[in-house]
Each structure stands twice: as structure tokens, then as C-alpha cells.
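Have a look at the structure below, then the notes.
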Amino acid sequence: MAEIEVKGWCPGALRPMRSGDGWVVRVRPRLARLTRAQALGLCDAAQTYGAGLIDLTNRANLQIRGVSDGALAPLQEALGALGLLDSDAELESRRNILIAPDWATGDDSARLWSGLAARLADLPALPPKMGFAIDAGAAPVLTGDPADFRIERGPAGLILRADGRAQGMVLEPGHEIEALIRLCQWFMETGGAQAGRMARHGAMLPDWARWDAAPAPARAPLVPGPTAGGLVLGVAFGQIPAADLAQALARTDAQALRVTPWRCLVLEGGGAARLPESLITTPDHPALRVDACAGAPLCPQASVATRALAQALAPKIRGSLHVSGCAKGCARARPADITLIGREGRFDLVMDGQTVATALDADDVLARFGGIDAI
């Protein structure tokens, strides 16, 4: 079995990552929002310089796949012209900031996201995959999404909470970012670099604050359908043809696009329209319960194709399903009810955390869940 390579960093636009289909170029939209012009420009760039596909990540970023060596520099130039590049790769790598997708201009979430983005240079050199959640809406909504340090709503105001800890510290208005930076410094000073992530860091929290404030009860994430903020659209497996996204923008007259960490997009001002079939408009669509990575041949770590099998299984399975091309499990951070793990060209089947079968081919898997379909 080939050794699995675990990348210790996330791609960016200035520091892309090589994959089986070329360069993966990740765009980190500020406030997780693109204007209409930026969104249409990104769709055009994905078709001109990449494979015409856009991925949605669980950090509310967008990725252009299939970029050749010769197309990389022109793509970066096009992204710069759209205002979608950072000043340098170091600041880009630090700008891993989730924000509650229903933020409004001037509210706490928008204020604190902008405040943290302006202070990135003041942060210590954190391990590269670490990130932040600015979750200052009426109640937390990003609780299940990846972040190491969280500013979120508590019963009596905003709190700062270290990931993996049930309680945080009450924040003084106007000094939230200073407290966050101080906690990041404590993390590094107490050996956090070796742990790599806050949830794995075993040190006692610093004694310069009281860590006794619980977050408010979480609210549900957005699901496909109309909302007060616009039309929410789901994207199966987090990947959409750029041409389909451009078509949706045009047909709905949306004025902006917001990205969520839940494989959903929000079209600001978007109304009812006939949309491409690749976009999901109802909250009960089977594909929303399924996570699947790019798989072979797009990812060199994967030994199996994933998404055709995942699509065939989606309507057959109740609960959550994760189809992974290798043992890394990149597509889903949390355990699923059913997991298929690629290994040497076949699948191992894990149900409720227990391996129940090994070395299955795709037909074997389908037969176990209600019959063989063409995939």
C-alpha cells in the first residue's frame, strides 16, 4: 500500500497546491462574500484557466481546480484584478477566518472579522491549518465547523472560547481582538506548535481570565431554499461547474454571493428562477447527507473513484455517508453513520465506528444497500 501523504497546510491563491488534475487554487473571499462582478469573474477564470470546476470548502472558501503550470500566473493576475488576492502568501495563509454567513453590515460579526483581518500581522506564527470563527450573531451557528479560536455569542454578550473547551471568557467590548491575539500567544508559548491544533493542546488555559462563560445554545445552519438574506443553494459534494454558477447568478439577478462552510451558497437578492440541475433548492435532497472527496484520478492520494458511487448511494441511505478516496478522510471532519474508505483500489466499510467489511468493489457496496445501479 502506498504511503499516504498528509499535507500540513492549506492551499491559497498565492500558494496553490498540486493535485492529480493540476494546481488547486484556493480563493478566500473577504467576509466570505463576492460581489456579483467578482463572482462572475471567478466563474470566467475557472473556465479560462482551470477545468471549469469550483469547489466549496468547509472553511467557506472557493477553489479552482485543474490549473496547468502555464495557466497559473495568468489566473493569479485575473484574481488580482478582481480584488481576490492578498498582498503576500504569509498573510493569505493566516486569513483562515470563518464568519456567520448571515452577518449584516456594521454588526458584531462584520466588525470583528474586519478587525481580525486588519491585525493578522500581529498574530504569532501559528501552525498553518489553524483558524478562527467569528460567530457573533444572535446565537452561534458555526459550532460544528473547523476553528481553533472562537468569538461567539454567550447569554450575556460575546465570549472567546478555545476549541475543545466547553466554556470561554467574557469579552470586553472594543477589546475582543486584543484578547484573541493574547490567547494565540499563550497557545504558542505553552507548546501549541507541537499539538498543531487547539483541540489537541492539553495545557491549562491562562489564569489572566476566567473561563466560565458558556456559549449560547447553537442555532441551525442555513439549508437550501429562500431566506430573508437571499436564495440558499446547495452544491452536491461541494463542487459545481463554473458555467452553472454563472448561469444561476444571471437568472436570479443576484447582486452578491456568500459562501458557507456547509456546501451551500447564498445568492443575495436572488429570487425564484429556473436553475441548473447541479444546484440544490430543497433542504431534503439526499446529496446533502453525503460527503465525498475528489477521489481518483483527481487526487493522487486516492485509489478509488468516489463521487459517482456517493451519488448512487445517496438515495439508498438514511443518515450520513462519507465516501473517502483514502484513509485521510479530508471531506468530513466528524464521524458519519456510514463511511467508505478507499484502500488499494477497493473500499472498507465502516458503520457506527466499526469496520464491518473490507476490500469491497463499487458493485459490492451498492449490493449491500439495495441493489446495483449503473455508476
Margin query: Within the structure provided, determine whether Phe187 and Phe149 are in side-chain contact (heavy-atom separation under 4.5 Å).
Written below: yes

Margin query: For the CG atom on Asp207, are there more than 12 heavy atoms of other groups (residues, nucleotides or ligands in this structure) within a distance under 6.0 Å?
Written below: no

Margin query: Under 4.5 Å between side-chain heavy atoms, counting indirect links through other Ile/Leu/Val/Met/Phe/Trp/Tyr residues: same cluster for Ile181 and Leu98 or not?
Written below: no

Note to self: With a 3.5 Å distance limit and no angle check, can you tell me whether Asp244 reaches the backbone of Pro241 through a side-chain donor-acceptor pair?
What the structure shows: no

Item checked: By ring-ring contact (aromatic ring centres under 6.0 Å, His included) - contacts of Trp23 (at least two apart) -> none

Check: Under the side chain to side chain contact (heavy atoms under 4.5 Å, CB included) test, which residues partner Cys330, sequence neighbours left out?
Finding: Lys328

Check: Under 3.5 Å, is there a donor-acceptor pair between the side chain of Asp135 and the main chain of Val141?
Finding: yes

Next item on the list: Look at the side-chain heavy atoms of Ile, Leu, Val, Met, Phe, Trp and Tyr, link any pair under 4.5 Å apart, and say whether Val304 and Val356 land in one connected group.
Entry: yes

Notebook entry, point to check: Checking Glu152 side chain against Arg150 main chain: does a donor-acceptor pair fall under 3.5 Å?
Noted result: no

Item checked: Charged N-O contact under 4.0 Å between Asp163 and Arg197 -> no

Check: Quick one: side chain to side chain contact (heavy atoms under 4.5 Å, CB included) partners of Val266, sequence neighbours excluded?
Finding: Leu222, Val232, Arg258, Thr260

Checklist line | Donor-acceptor under 3.5 Å (Asp21 side chain, Cys299 main chain) | finding: no

Checklist line | All side chain to side chain contact (heavy atoms under 4.5 Å, CB included) counterparts of Asp44, not counting sequence neighbours | finding: Thr48

Note to self: Would the distance check show the side chain of Ser324 and the main-chain N or O of Ala327 forming a donor-acceptor pair, the cut-off being under 3.5 Å?
What the structure shows: no

Notebook entry, point to check: Honestly curious: do Met198 and Leu180 fall in one hydrophobic cluster under the side-chain, below-4.5 Å linking rule?
Noted result: yes

Notebook entry, point to check: Is Arg153 close to Pro217 at the side-chain level, that is, under 4.5 Å between some pair of heavy atoms?
Noted result: no

Checklist line | Transitive ILVMFWY side-chain link Met204 to Trp208, under 4.5 Å | finding: no

Checklist line | Test applied, side chain to side chain contact (heavy atoms under 4.5 Å, CB included); reference residue, Gln63; option that passes from Val24, Leu53, Val25, Leu56 | finding: Val24

Note to self: Can a donor-acceptor pair be found, under 3.5 Å and without considering hydrogens, that links the side chain of Glu92 to the backbone of Leu14?
What the structure shows: yes

Checklist line | Any donor-acceptor N/O pair, Arg161 side chain to Ala214 backbone, under 3.5 Å | finding: no

Next item on the list: Using side chain to side chain donor-acceptor pair (under 3.5 Å) as the criterion, list what pairs up with Ser320, not counting sequence neighbours.
Entry: Asp337

Item checked: Stacked cation flag Arg165 on Trp211, 6.0 angstrom / 45 deg -> no

Note to self: Filter on salt bridge (charged side-chain N to carboxylate O under 4.0 Å, His left out), then keep only pairs touching residues 113-122, sequence neighbours left out; what's left?
What the structure shows: Arg119-Asp122, Arg119-Glu178

Next item on the list: Look only at the side chain of Arg332 and the backbone of Arg334, and say whether a donor-acceptor pair between them is shorter than 3.5 Å.
Entry: yes

Item checked: Listed partners of Asp284 passing salt bridge (charged side-chain N to carboxylate O under 4.0 Å, His left out), at least two apart -> none

Next item on the list: Answer yes or no: is there a donor N or O on one side and an acceptor on the other, between the side chain of Arg111 and the main chain of Gly106, under 3.5 Å?
Entry: no

Expected list for residues 307-314: side-chain donor-acceptor pairs under 3.5 angstrom, two or more places apart:
| from | atom 1 | to | atom 2 | distance (Å) |
| --- | --- | --- | --- | --- |
| Arg307 | NE | Ala292 | O | 3.3 |
| Arg307 | NE | Cys293 | O | 3.2 |
| Arg307 | NH1 | Gln239 | OE1 | 3.4 |
| Arg307 | NH2 | Phe237 | O | 3.4 |
| Arg307 | NH2 | Ala292 | O | 3.3 |

Notebook entry, point to check: Between the side chains of Trp262 and Asn58, does any donor sit under 3.5 Å from an acceptor?
Noted result: no

Item checked: Leu116 reachable from Leu183 in the ILVMFWY side-chain graph, under 4.5 Å edges -> yes

Checklist line | Side-chain hydrophobic cluster, 4.5 Å single linkage: members besides Ile341 | finding: Val350

Note to self: Under the salt bridge (charged side-chain N to carboxylate O under 4.0 Å, His left out) definition, can you give me all pairs with a residue in residues 46-57, not counting sequence neighbours?
What the structure shows: Asp55-Arg65

Show me the donor-acceptor pairs within less than 3.5 Å that the side chains of residues 70-86 make with the rest of the protein, sequence neighbours left out.
| from | atom 1 | to | atom 2 | distance (Å) |
| --- | --- | --- | --- | --- |
| Gln76 | NE2 | Ala13 | O | 2.8 |
| Asp86 | OD1 | Arg95 | NE | 2.9 |
| Asp86 | OD1 | Arg95 | NH2 | 3.4 |
| Asp86 | OD2 | Arg95 | NH2 | 2.8 |

Checklist line | Donor-acceptor under 3.5 Å (Asp291 side chain, His322 main chain) | finding: no

Next item on the list: With sequence neighbours excluded, tell me which residues meet side chain to side chain contact (heavy atoms under 4.5 Å, CB included) with Ala195.
Entry: Arg200, His201

